[in-house]
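In the text below, chain A, chain B and the rest are named by the order of the sequence lines, each starting its count at 1. All values derive from a computational prediction rather than experimental measurement.
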Number of protein chains: 2
Amino acid sequence: MPVDVPPPSSDKPTGADGSVPTGRRIPEATVARLPVYQRILEELLRSGTSTVSSELLGAAAQVNAAKVRKDLSLLGSFGTRGAGYDVAFLVEQIDHQLGLDRDWTVAIAGVGNLGRALARSQGFAARNFEVVALVDTDASIIGERIDGVEVRHPDDLPAIAESTPLAIGVITTPAPVAQRVADLLIEAGVRSLLNFAPRVLDVPDDVFLRYVDLSMELQVMSFYQARRLDHEAGGRMPIIRSVGLSPGGRR
Amino acid sequence: MPVDVPPPSSDKPTGADGSVPTGRRIPEATVARLPVYQRILEELLRSGTSTVSSELLGAAAQVNAAKVRKDLSLLGSFGTRGAGYDVAFLVEQIDHQLGLDRDWTVAIAGVGNLGRALARSQGFAARNFEVVALVDTDASIIGERIDGVEVRHPDDLPAIAESTPLAIGVITTPAPVAQRVADLLIEAGVRSLLNFAPRVLDVPDDVFLRYVDLSMELQVMSFYQARRLDHEAGGRMPIIRSVGLSPGGRR
DNA sequence: GTGTGTGAACTTGTTCACAGCG
DNA sequence: CGCTGTGAACAAGTTCACACAC
């Protein structure tokens, strides 16, 4: 389901014509690919590449070059014919489209291995996802500091939210307490939830909810590798976007 | 790109007619949804439900009931008209289709928080993904045991593989060493790689490669939440499969 | 010449609606 | 009568191919 792009909001007076097209619709398939391009572009940026063609970006992202061009043209006319795309500018534009040029506060519920991994993740920090709250019920963990953030009890969430509004909640608790912790997060003002716990959650209609299953990718791999083993035939594994799939959000 | 279903291989003489259709093709969109159904069916099984309708399963998976029926009918005629699907039987069939009824050995490279989280993950154990090797270069970690598996040096991979063939490799190392560790895993016989490191990998054509970016879901969330904040309009967040997306497989 | 931007052709995936089985 | 299984209509997404800007 495509979504309206916000009105001009013209910052970034730029190369082409200061674009950012007006009420364009961005297909969800494109939205799902933007983070992929992002990651590659950032890697190119680090390696000092200043310009990239749709062909090259497509090769790195395992995506047809025409698709890359179409995706990018949906955001605006950012390329230069004959030359390609300016990497730094493109990163900026995609960041803007994804809303990554604003700060998002994140609360992580469940400070086990996964919670810690996420809290320290470069991918979070680099993209303006600021982990501002860590909660866990385990008394031996409460009080511990992870990257300067103190682990507190879930019951403190409302208090925490009072001083720092919480935008996104991440649930990395065991399944049995996932629903309860989701309720607390929502009560504390969280409007988007990312659930790693293997439990279907019940949330109000206006809360964005997405599920992640770390074993889901492995399951898809299993499918294709089994095929390959079964009949060493044309067992090409296609590129599927998945994992994040699952009972998510609303319809 | 759809894939041939293996020939009859008739075990499971069953309710309907002992089906498992012959050379059917399963669309990748369907393959990506099977793990979702799986998870819900397992939850139903635990709660003692023995029969489920496409309507109910669809509601839980946030998927149109017709889509559920079409997906399942691609695997075979597993339902009973007027009654619905037998949950236990369906789980078995999907497990079989996904190749989850055989054992997969998994090697995890990088025993940080994420590596540990995965090694201990219920989702892995429950689906016949057996973690048989853990490697890390950090001397202070080598020798440690996690769920009975000793952490060893990546250079030992060939030796490990000799006693236990490795099917799948999971990379949870820092980005700079991801390529090197991928090479070692492949040398040790791994034919499928799941890469959590933010690095584009170069692997031979016959190795399945998939990328997971834990922040990717958050980025998509950011997109839709930003839209919603910008113009409190029809900001419905669609259900996108993503995260796992990314430079994957071959083309 | 080189590589973008994009209509138009095509492929894949989704939904509808209903026949037919239990 | 309820619910599956599926052809047929529809919608979304992808690829092609080429005009056009640099």
(request) Would you check if there is a donor-acceptor pair between the side chains of B/Gln179 and B/Asp202 at a distance under 3.5 Å? (result) no
(message) For D/dC3 and B/Ser54 - does any side-chain N or O of the residue sit under 4.0 Å from the phosphate oxygens OP1/OP2?
(response) no
(request) Determine whether any donor atom in the side chain of B/Lys70 lies under 3.5 Å from an acceptor atom in the base of C/dT15, or the reverse, and answer yes or no. (result) yes
(message) Just the rounded figure in Å: distance from C1' of C/dG13 to CG of B/Leu34.
(response) 15 Å
(message) Counting only side-chain heavy atoms from C-beta out, which of D/dC22, C/dA19, D/dT6 sits nearest to A/Arg81?
(response) D/dC22
(message) Without decimals, in angstroms, what is the distance between B/Leu72 CG and D/dG5 P?
(response) 8 Å
(request) Could you tell me whether the side chain of A/Ser222 reaches within less than 4.5 Å of the side chain of B/Leu100, counting heavy atoms only? (result) yes
(request) Please state how far atom CG in A/Leu74 lies from atom P in D/dT14, giving the value in whole angstrom units. (result) 11 Å
(message) Can you see if the side chain of B/Thr80 gets near the phosphate of C/dG22 - specifically, an N or O under 4.0 Å from OP1 or OP2?
(response) no
(request) Compare side-chain N and O positions of A/Asn64 against OP1 and OP2 of D/dG13 and report whether any pair is under 4.0 Å apart. (result) no
(request) Tell me what A/Thr30 touches on the nucleic acid: a base, only sugar-phosphate, or nothing, going by heavy atoms under 4.0 Å. (result) nothing
(message) Can you measure B/Asp71 atom CG to C/dT14 atom P for me and round it to whole angstrom units?
(response) 7 Å
(message) Nearest whole Å is fine: how far is D/dA11 P from A/Glu28 CD?
(response) 16 Å
(request) Could you state the atom-to-atom distance from NZ of B/Lys67 to P of D/dG5 in whole Å? (result) 18 Å
(request) Could you tell me whether A/Glu55 and A/Arg69 make a salt bridge, using a distance below 4.0 angstrom between a side-chain N and a carboxylate O? (result) no
(message) On DNA chain C, does the nearest nucleotide to A/Arg69 precede the nearest nucleotide to A/Gly82 from the 5' side, or the other way round? Give the residue.
(response) A/Gly82
(message) Any carboxylate oxygen within less than 4.0 angstrom of a Lys/Arg side-chain nitrogen, looking at A/Glu42 and A/Arg127?
(response) yes
(request) Starting at atom CZ of A/Arg25, determine the distance to atom P of D/dA12, rounded to an integer number of angstrom. (result) 10 Å
(message) Less than 4.0 angstrom between a side-chain N/O of B/Tyr85 and OP1 or OP2 of D/dG5, yes or no?
(response) yes
(request) Establish, with yes or no, whether the OP1 or OP2 oxygen of D/dT14 is under 4.0 angstrom from a side-chain nitrogen or oxygen of A/Arg33. (result) yes
(request) Please tell me which of the listed nucleotides, C/dT14, D/dG13, C/dT15, lies nearest to the side chain of A/Pro27? (result) D/dG13
(message) Just the rounded figure in Å: distance from P of C/dG5 to CD of A/Glu55.
(response) 15 Å
(request) Show your working on side-chain hydrogen bond (donor to acceptor under 3.5 Å, both in side chains) between B/Glu43 and B/Ser47 and close with a plain yes or no. (result) CA-CA 6 Å; B/Glu43 210 162 326; B/Ser47 75; over 6 Å; no
